[in-house]
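Written out below as structure tokens is the structure these notes cover.
Here is the naming used below: chain letters follow the sequence lines, and residue numbers restart at 1 for every chain. These values consider heavy atoms only, across backbone and side chains, with no hydrogens, waters or symmetry-generated copies.
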2 protein chains.
Amino acid sequence: MDGAPGFRPLYRQVYDHLVKQISTGVWKAAEALPSEHALASSLGVSQGTVRKALDAMASENLIERRQGKGTYVSQYNEQSALFRFFRMAHPGGEKVIPDCGEKSISRRPANATEARKLAIKPDDMVVELRRTRWVEGRPAIFEMIVLPLALFPDIDRYDPLPNALYTLYQAEFDINIVQAEEELHADIARKEDASRLDLPLGSPILQIDRIAIDIAGRPVELRTSRCDTARLVYAVSIR
Amino acid sequence: MDGAPGFRPLYRQVYDHLVKQISTGVWKAAEALPSEHALASSLGVSQGTVRKALDAMASENLIERRQGKGTYVSQYNEQSALFRFFRMAHPGGEKVIPDCGEKSISRRPANATEARKLAIKPDDMVVELRRTRWVEGRPAIFEMIVLPLALFPDIDRYDPLPNALYTLYQAEFDINIVQAEEELHADIARKEDASRLDLPLGSPILQIDRIAIDIAGRPVELRTSRCDTARLVYAVSIR
DNA sequence: GAGTGGTCTAGACCACGCA
DNA sequence: GCGTGGTCTAGACCACTCT
């Protein structure tokens, strides 16, 4: 349980401890944690304190609690990973599921911007993945994804890639994406957009720049998406 | 405390009760609620149960808790209301504060779409507000806001309007905005955008369509913003 | 020092899943 | 029927604010 000087409440220390267990792979995706009672006695705190830590983790989607069964490390599946981080939808709110089209994948050194955003050294190797995603029979999104090779060894050998990449990161590399920071702006279709998305040059394009953060708080993926928003919108709820 | 058949836990009933007190104006913005102990004994439940309800309300920004002082209904100020619902920022994340330029305001009957989205009858009167918002000396956003007149009587007589309208809704009309649903898409500058935002025709424009929801769960405002994203981005954090 | 919210505990009972 | 998480209670003590 350790003791830190900066003074955090007990339940916070339990929280940090449990998050560390998950982020270091002691408990892996979809595995059950020990019961509240077992955790409480092994950590020497009351069940209520463990419960408060677990409640906080559940509200951040790090774990899932199932009454009568137990507490499980969150497991992504195609559906949940997609619906959590894929924000494109029909106007009015109806969900949309994209398919994947052509892709290309390559290794190269990181450029200065990528190195800064990924907290790696310039010229550290990255994997660059480009793919087109289709919605209802038409190309809708063109994605460029940059990953530090050190965290995803040989990811360029996986084929085919799943629709929701975060399931692959979790299953094969023990990297749990728990947060994403996105910045959006409008742009105009350039030559590559026009051919990839089958649009006239100059059509409006929504560009999304994402930095994905894993459970340990590391930035682990950069993703730029260029979207045709003629039929789809980017949907957000602000609370 | 009432009793509902559908069966909600006690703390949930306390939560609903307290939210209703706020949404019906029993406790107004910035006022203190009774202490946890006082609420517990007046409602005939334990302090822990009241606490759980208040914690939930605090996590939804309905109230603010101050240790040693008390629990207060959330009060918007220019800063907090802006930073919560205004998502435009500099690339990289630095916050931005807009100023207001010219505005025009008028009354008219709602059209069919507006009536549906605001859950009012077609031809019920609405107030339409148009304004330009400036960032760092240049026009950046053109907004069109639609409000049901029934909820905002004579709002068109207020002048000048505050930068963050939600402070006005709260202070003058007891309407607390707690949530907003937004849909974004890319578009091309039309004639009105070009003149309002001082852009060439055909420039990329980010359009944001918002429905704002108040504490009682009612849709109370429609807002369409057309933004020049040459210098600003729309920033979101997904957790 | 009095009053507030914040933490922590211990224990009872309920609701659910499963064998 | 047992083990799990979910709810609810009662009470002790801590940390903060104000007078």
Side-chain angles (χ1 to χ4, degrees), chain A residues 1-19 21-22 27-75, chain B residues 1-19 21-22 27-75:
Chain A
M1 275 308 309
D2 98 335
F7 235 59
R8 299 159 297 165
L10 234 198
Y11 72 86
R12 184 66 191 153
Q13 298 174 44
V14 172
Y15 171 96
D16 291 343
H17 173 76
L18 295 177
V19 168
Q21 300 292 301
I22 296 176
W27 302 310
K28 294 188 194 286
E31 287 181 9
L33 270 60
S35 73
E36 295 181 355
H37 177 75
L39 284 171
S41 60
S42 81
L43 296 173
V45 301
S46 79
Q47 188 175 355
T49 300
V50 169
R51 169 158 272 273
K52 191 157 181 178
L54 292 174
D55 282 347
M57 294 170 70
S59 79
E60 295 166 43
N61 294 306
L62 308 185
I63 55 175
E64 285 172 19
R65 321 193 72 187
R66 300 183 205 143
Q67 186 174 149
K69 296 193 68 177
T71 303
Y72 298 80
V73 179
S74 288
Q75 157 92 311
Chain B
M1 275 310 313
D2 96 331
F7 236 61
R8 299 159 299 165
L10 235 199
Y11 73 88
R12 184 63 193 158
Q13 298 175 43
V14 172
Y15 171 96
D16 290 344
H17 174 75
L18 296 177
V19 168
Q21 300 292 301
I22 295 176
W27 303 310
K28 294 190 196 284
E31 286 181 11
L33 271 60
S35 74
E36 295 181 355
H37 177 77
L39 284 171
S41 60
S42 83
L43 297 173
V45 302
S46 79
Q47 188 176 353
T49 300
V50 169
R51 169 159 272 273
K52 191 157 182 179
L54 292 174
D55 282 346
M57 294 170 72
S59 78
E60 294 167 43
N61 294 306
L62 308 183
I63 56 175
E64 286 172 19
R65 322 193 72 183
R66 299 180 206 144
Q67 185 173 148
K69 297 190 66 176
T71 302
Y72 298 80
V73 179
S74 289
Q75 157 93 311

Checklist outcome for this item: Picking from C:dG6, D:dT9, C:dT9, the nucleotide nearest the side-chain atoms of A:Leu10 would be C:dT9
Would you mind reading off the distance between [X] atom [atom1] and [N] atom [atom2], rounded to a whole angstrom?
X: B:Arg12; N: D:dG6; atom1: CZ; atom2: P; value: 16 Å
X: B:Glu64; N: C:dG5; atom1: CD; atom2: P; value: 14 Å
X: A:Ile63; N: D:dG5; atom1: CD1; atom2: P; value: 10 Å
X: B:Tyr11; N: D:dG6; atom1: OH; atom2: C1'; value: 8 Å
X: A:Glu36; N: C:dC8; atom1: CD; atom2: P; value: 16 Å
X: A:Tyr15; N: C:dC8; atom1: OH; atom2: C1'; value: 20 Å
X: A:Arg8; N: D:dA15; atom1: CZ; atom2: P; value: 16 Å
X: A:Lys52; N: D:dG5; atom1: NZ; atom2: P; value: 19 Å

Got [X] and [Y] here, is their nearest side-chain heavy-atom distance under 4.5 Å?
X: B:Leu33; Y: B:Gln21; answer: no
X: A:Thr71; Y: A:Leu39; answer: no
X: B:His37; Y: B:Val50; answer: no
X: A:Ile22; Y: A:Met57; answer: yes

Next on the checklist: I need the B:His17 NE2 to B:Leu43 CG distance, nearest 0.5 Å.
Outcome noted: 5.0 Å
Within the structure, does a side-chain N or O atom of [X] lie under 4.0 Å from either OP1 or OP2 of [N]?
X: A:Arg66; N: D:dT4; answer: no
X: B:Thr71; N: C:dG5; answer: yes
X: A:Thr49; N: C:dT7; answer: no

Atom pairs, N/O to N/O, protein against nucleotides 17-19 of chain C, distance under 3.5 Å?
| unit_1 | atom_1 | unit_2 | atom_2 | d |
| --- | --- | --- | --- | --- |
| C:dC18 | OP1 | A:Lys69 | NZ | 3.1 |

Checklist entry - Is it true that A:Lys69 and A:Glu64 make a salt bridge, defined as a side-chain N closer than 4.0 Å to a carboxylate O? => result no
Checklist entry - Of the non-hydrogen atoms in B:Leu62 and B:Val19, which two are nearest, and what is the gap between them? => result CD1-CG2, 3.9 Å
Checklist entry - Within the structure shown, what part of the strands sits under 4.0 Å from A:Arg51 by heavy-atom distance: base, sugar-phosphate, or nothing? => result base
